[in-house]
Amino acid sequence: QVQLVESGGGSVQAGGSLRLSCAASGYTYSGNCMGWFRQAPGKEREGVAAIYTGSGSTYYVDSVKGRFTISQDNAKNTVYLQMNSLKPEDPAMYYCAAGRGTWSCQEIGSRYGANEYNYWGQGTQVTVSS
C-alpha cells in the first residue's frame, strides 16, 4: 500500500520560510517522480515543483523559481520542499504526489499535470500572514 505523508506546514509571516516533508512508503521511490502541488480555496490544484528521484533533476513552475527548492533524501524515501520568501499568494493546502518517470516531472507546470501522478498525500496547510 502506497503512503505519502506530508508534514511541516504551518503559519508564517510574509517573507518567512517553511520546509515541507513527504515520506513515501510502499512505493518504488527510485527512478520515479515526486511532486508538490498546492490548492487554495476556490482555485484549481496547481503544480509547484518536482524531482526525478533517479537523477535528482528538479522542475519548478515560474511562480516559485528562486524561492522554493525541492530536494530529496533517498535513504529515507523523503522529499522536501524548502519555501523561502513566502508571499501572500502562496497559502494553500500543499500536497505531495508520486508519479512515474521523467514525464510526470516535466508535466508539473501543465494544466493537467496532476493527471500524471498516481498517488497523493493528505496535504499539509500553509498559511502566510501579511
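Nothing here was measured: the structure is a model prediction, and the numbers come from that model.
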Side-chain donor-acceptor contacts of residues 2-15 below 3.5 Å, not counting sequence neighbours, with atom names and distances?
residue, atom, partner, partner atom, Å
E6, OE1, Q122, N, 3.0
E6, OE1, Q122, NE2, 3.4
E6, OE1, G123, N, 2.9
E6, OE2, C96, N, 2.7
E6, OE2, G123, N, 3.2

Review point. Do the side chain of E116 and the main chain of R100 share a donor and acceptor less than 3.5 angstrom apart?
Key: no

Check your understanding: Do F68 and M93 sit in the same hydrophobic cluster, where Ile, Leu, Val, Met, Phe, Trp and Tyr count as joined when their side-chain heavy atoms come under 4.5 Å apart?
Key -> no

Exercise for review: Measure the spacing between SG of C105 and CD1 of I70 and express it to the nearest 0.5 Å.
Suggested key: 7.5 Å

Validation: residues 79-88 side-chain donor-acceptor distances under 3.5 Å, sequence neighbours left out:
residue, atom, partner, partner atom, Å
Q82, NE2, N84, OD1, 2.9
N84, OD1, S17, OG, 2.9

Review point. Linking I/L/V/M/F/W/Y whenever their side-chain heavy atoms sit closer than 4.5 Å, directly or via other members, would Y60 and W36 fall into one cluster?
Key: yes

Study note, to complete from the structure: Between K76 and T78 the two heavy atoms that sit nearest each other are O-OG1, 2.9 Å

Check your understanding: Under the side chain to side chain donor-acceptor pair (under 3.5 Å) test, which residues partner R67, sequence neighbours left out?
Key -> D90

Point to revise | Spatial distance of atom OG1 (T127) from atom CD (Q125) [nearest 0.5 Å] | key: 4.5 Å

**Study point:** Connected via hydrophobic side-chain network under 4.5 Å: V128 and V61
**Key:** yes

Check your understanding: When rounded to the nearest 0.5 angstrom, what is the spacing between OH in Y52 and OG1 in T102?
Key -> 6.0 Å

Point to revise | salt bridge (charged side-chain N to carboxylate O under 4.0 Å, His left out) pairs, two or more places apart, involving residues 56-66 | key: D62-K65

Review point. Excluding sequence neighbours, so at least two apart, what forms ring-ring contact (aromatic ring centres under 6.0 Å, His included) with Y117?
Key: F37

Check your understanding: Which distance, rounded to the nearest 0.5 Å, do you find between the CD of E89 and the OG of S63?
Key -> 8.0 Å

Review point. Are any side-chain N or O atoms of T124 and backbone N or O atoms of Y94, one a donor and one an acceptor, separated by less than 3.5 Å?
Key: no

Review point. Could you state the interatomic distance from OG1 (T58) to CE (M34), rounded to the nearest 0.5 Å?
Key: 15.0 Å

Check your understanding: Which heavy atom in A92 sits nearest to a heavy atom in A40, and how many Å separate them?
Key -> CB-N, 3.8 Å

Exercise for review: Using the six-membered ring wherever Trp is involved, compare the ring planes of Y27 and Y119 and label them parallel, tilted or perpendicular (cut-offs 30° and 60°).
Suggested key: perpendicular

Exercise for review: Answer yes or no: is there a side-chain heavy-atom contact under 4.5 Å between I108 and V48?
Suggested key: no

**Study point:** Which residues share a side chain to side chain donor-acceptor pair (under 3.5 Å) with S55, sequence neighbours left out
**Key:** S57

Point to revise | Spatial distance of atom CD1 (I51) from atom SG (C22) [nearest 0.5 Å] | key: 12.0 Å

Practice item. Compute both the distance and the angle, then confirm whether R38 meets the cation-pi test with Y95: under 6.0 Å from the six-membered ring centre, within 45 degrees of the axis. Key: no

